[in-house]
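Only this structure's heavy atoms are used, side chains among them; waters, hydrogens and symmetry mates stay out. For reference, positions follow the sequence shown, starting with 1.
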Amino acid sequence: VQLVESGGGLVQAGGSLRLSCTTSGFSFDDYTIGWYRQAPGKEREAVSCIVGRDGSTSYEDFAQGRFTISADKAKKIVYLQLTGLKPEDTAVYFCGNRAGRSVRHGTCRWIAAYERWGQGTQVTVSS
């Protein structure tokens, strides 16, 4: 099982980035993929997640309207489009996989349920 993040970088406030999470070694249809982030000195927090099978999505409040999660099932890649970036979005962004096909009832935030994480990709937003 592997998840590999890419696409991070340094951008100015208001800019955009598209992060990619390339997955392999598990049944994409049977899993939900979540994007999390961790800023220095802070706990890892959920950003958004997507069900591999049907594309159902969920967003945290701070991500709603600015970030968009999507998936290419054929390639088993999950994207996170970041727009309107703010300095407080600076963090290492991780993707992880969680068995199951639901994003309801706050399940995206069940961090202990994620089986594997990628190494992360750094996003830095300058003011």
Side-chain angles (χ1 to χ4, degrees):
V1 175
Q2 273 196 318
L3 299 98
V4 180
E5 302 93 338
S6 61
L10 172 64
V11 295
Q12 291 186 334
S16 300
L17 285 171
R18 188 177 79 159
L19 309 183
S20 298
C21 173
T22 302
T23 74
S24 62
F26 61 93
S27 175
F28 196 79
D29 274 1
D30 293 329
Y31 278 75
T32 296
I33 305 301
W35 280 99
Y36 273 66
R37 69 184 186 181
Q38 188 166 18
K42 294 188 177 181
E43 293 187 353
R44 193 172 295 194
E45 64 174 349
V47 177
S48 179
C49 63
I50 187 167
V51 176
R53 182 173 184 178
D54 64 9
S56 299
T57 61
S58 178
Y59 295 90
E60 294 302 304
D61 287 346
F62 66 83
Q64 189 76 45
R66 295 193 299 130
F67 299 172
T68 304
I69 193 169
S70 62
D72 183 328
K73 287 183 62 174
K75 296 181 179 179
K76 298 183 179 181
I77 299 175
V78 174
Y79 301 100
L80 186 67
Q81 180 71 44
L82 311 176
T83 62
L85 283 163
K86 305 174 182 179
E88 51 264 42
D89 294 317
T90 295
V92 179
Y93 284 70
F94 300 89
C95 61
N97 66 336
R98 172 173 59 81
R101 301 171 180 167
S102 175
V103 295
R104 297 168 60 189
H105 308 302
T107 54
C108 278
R109 303 189 199 105
W110 296 357
I111 191 170
Y114 287 83
E115 297 177 2
R116 191 68 63 91
W117 296 96
Q119 82 289 348
T121 186
Q122 176 72 46
V123 171
T124 303
V125 185
S126 63
S127 58

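Screening residues 74-85 for side chain to side chain donor-acceptor pair (under 3.5 Å), with sequence neighbours left out, gives no hits.
Side-chain contact check for L82 versus D89: every heavy-atom pair is 4.5 Å or farther apart. No side-chain heavy atom of Q122 sits under 4.5 Å from any side-chain heavy atom of L10. Residues D54 and R101 have side chains not in contact (no heavy-atom distance under 4.5 Å, counting atoms from C-beta outward). Residues Y114 and I33 fail the side-chain proximity criterion, which asks for heavy atoms closer than 4.5 Å. E5 is listed as a side-chain neighbour of W35, based on a closest heavy-atom distance under 4.5 Å.
Note: the hydrophobic cluster containing V78 does not contain V103 (ILVMFWY, side chain heavy atoms under 4.5 Å, direct or indirect links). In this structure, V47 is not a member of the same hydrophobic cluster as V51, with clusters built from ILVMFWY side-chain heavy atoms closer than 4.5 Å. Following chains of ILVMFWY side-chain contacts shorter than 4.5 Å, one can reach V92 starting from I111, so the two form part of one hydrophobic cluster. One hydrophobic cluster, built from ILVMFWY side chains closer than 4.5 Å, holds both Y93 and L17. Cluster membership check: V123 does not share its hydrophobic cluster with F94, using side-chain heavy-atom separations under 4.5 Å among Ile, Leu, Val, Met, Phe, Trp and Tyr.
Q38 CD: more than 12 foreign heavy atoms inside a 6.0 Å radius. Around CZ of R44, the count of heavy atoms belonging to other residues, nucleotides or ligands within 6.0 Å exceeds 12.
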May I have the step-by-step check of side-chain contact (heavy atoms from CB on, under 4.5 Å) for N97 and T23, ending in yes or no? CA-CA 9 Å; N97 66 336; T23 74; over 6 Å; no

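Checked by atom type and distance alone, the side chain of T32 pairs as donor or acceptor with a backbone atom of G100 at under 3.5 Å. Proximity of a side-chain donor or acceptor of R109 to a complementary backbone N or O of A46 within less than 3.5 Å is not detected.
Both tests pass for R37 against the ring of F62: distance under 6.0 Å to the centre and angle within 45° of the axis.
Between Y36 and W117, the ring centre distance stays below 6.0 Å.
How far CZ of F67 is from CG of L19: 8.5 Å, rounded to the nearest 0.5 Å. The line from CD1 of I77 to CZ of F28 is 9.0 Å long, rounded to the nearest 0.5 Å.
Under the 4.0 Å criterion applied to side-chain N and carboxylate O atoms, D29 and K73 are assigned as salt-bridge partners.
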